[in-house]
2 protein chains.
Amino acid sequence: MRVSVEVDGHVVDVYDAKCPSRAVLEHVTSRWAVLVLAILLDGTCRFSELRRRIGGVSEKMLAQTLRRLERDGFVRRVAHPVIPPHVDYSLTELGEPAARQVAGLAYWIEEQMPAVSVARASYDERS
Amino acid sequence: MRVSVEVDGHVVDVYDAKCPSRAVLEHVTSRWAVLVLAILLDGTCRFSELRRRIGGVSEKMLAQTLRRLERDGFVRRVAHPVIPPHVDYSLTELGEPAARQVAGLAYWIEEQMPAVSVARASYDERS
DNA sequence: CGGTATCCAACACGATACTG
DNA sequence: CAGTATCGTGTTGGATACCG
């Protein structure tokens, strides 16, 4: 099963659920990954600072998100051998353009919120 | 709770879980919405054709995804009053740039898959 | 501080059956 | 054809407790 789409003169193939790139896309656009990437655009950040700035994320989910992004090569994890522990997270060369696109989408959506509200009001009225 | 990020000279604010734009972002980047938007970039499409081209999506989830995108103003639904029913889905003026960004990200990720594989191999080896 | 392990609730999702 | 309704389940995700 293949889905071919043209974007800016390029052909995009989105395969079925078993396509590996679809999994990566889901990692990057997942609930917490979007926010992690956006924050890391600001620069290196520690675990607990990420947790504080995102707000509402559990330790478990943040750790899971970070490990997945690290494994895919978007995030770099540097653990300093000190006590108490000190771990820095930052974007890799691969992660930065990803973060930029994701954050760009977030920014664009925020700009469009008035239009979205209008559309919703219109939809809800018809129903 | 506020997260400020600079992207291309703009300041992006990603608020906490109650921020309305965060919900819209999740709608647009959700599992099936990404694929629906990508396909609709190709042009108008009927319900069953969407279902066929995506592959692996249930009627329920496709309907739910389409309704959410329609309500947010990204997708236009046109029902022709004929028997058997004929319903066309297409992108709105708001939906097209959204679809372009999402599909662009999907395309970019697919390009980076070799790098992702290398990163994964490296990560898995260290563990 | 920066996690992991465990448990449990909510819900996302799919399968199936049914309808205008 | 284009859905809706209902049900069952598997995964997601939060809370809590604990560890190096």
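Keep in mind that what you see is a predicted model, and the values were worked out from it rather than measured. Throughout, a chain's letter reflects where its sequence line sits, starting with A, and its residues are numbered from 1.
Atoms CD (E70(B)) and P (dG3(D)) sit 9 Å apart, rounded to a whole Å. Rounding to whole angstrom units, CD1 of residue I54(B) and P of dC13(C) are separated by 13 Å. Between the CZ atom of R68(A) and the C1' atom of dG3(C) there is a distance of 17 Å, rounded to whole Å. Atom CG of L50(A) is separated from atom P of dC1(C) by 14 Å (rounded to the nearest Å). The nearest whole Å value for the distance from the CE atom in M61(A) to the P atom in dT4(C) is 13 Å. Distance L62(B) CG to dG3(D) P: 8 Å, rounded to the nearest Å. The distance from atom CG of D88(B) to atom P of dA2(D) is 8 Å, rounded to the nearest whole Å. With rounding to whole Å, R67(B) atom CZ is found 12 Å from dA5(D) atom C1'.
Side chain of R77(B), nearest nucleotide from dG3(C), dG3(D), dT4(D): dG3(D). Nearest nucleotide to the side chain of P85(A), out of dT6(C), dG14(C), dG20(D): dG20(D). The listed nucleotides are dG14(D), dG3(D), dG14(C); the one nearest the side chain of W32(B) is dG14(C). Proximity note for F47(B) (side chain, C-beta onward) versus dA2(D), dG3(C), dG13(D): the nearest is dA2(D). When each of dC1(C), dA2(D), dG3(C) is scored by its nearest atom to the side-chain atoms of R46(A), the top-ranked nucleotide is dC1(C). Of all nucleotides listed (dA17(D), dG14(C), dG3(D)), dA17(D) comes nearest to the side chain of E59(A).
Annotation: of the two residues near DNA chain C, H86(A) and G56(B), the 5′-most nearest-nucleotide partner is H86(A). A residue-by-residue look at V57(A) and Q64(B) shows that Q64(B) has its nearest nucleotide of DNA chain D further toward the 5' end. Nearer to the 5' terminus of DNA chain C, by closest-nucleotide assignment, is the contact made by A63(A) (compared with the other of K60(A) and A63(A)).
A sub-4.0 Å separation between OP1 or OP2 of dG3(C) and a side-chain N or O of Y89(A) is present. Distances shown here put every side-chain N or O of R31(B) at or beyond 4.0 Å from the OP1 or OP2 atom of dT11(D). Between S58(B) and dA15(C), a side-chain N or O to OP1/OP2 separation shorter than 4.0 Å is absent. For the OP1/OP2 pair of dG3(C) and a distance below 4.0 Å, the side-chain nitrogens and oxygens of R51(A) include no atom meeting the criterion.
W108(A) and V118(A) are members of different hydrophobic clusters when ILVMFWY side chains are connected at heavy-atom separations under 4.5 Å. There is no path of hydrophobic side-chain contacts, each under 4.5 Å, that joins Y123(B) to V75(A).
Between the H80(B) side chain and the H86(B) main chain, a donor and an acceptor come within less than 3.5 Å of each other.
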Check: Should E49(A) and I39(A) be marked as a side chain to side chain contact (heavy atoms under 4.5 Å, CB included) after you check the CA-CA gap, both sets of side-chain angles, and the distance that decides it?
Finding: CA-CA 10 Å; E49(A) 192 191 343; I39(A) 291 176; over 6 Å; no

Item checked: R76(A) vs E93(A), side chain to side chain contact (heavy atoms under 4.5 Å, CB included): CA-CA, chis, key distance, verdict -> CA-CA 10 Å; R76(A) 176 172 27 243; E93(A) 303 71 39; 3.7 Å; yes

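Checking L41(A), L40(A), L37(A) one by one against E96(A), the side chain to side chain contact (heavy atoms under 4.5 Å, CB included) holds for a single residue, L41(A).
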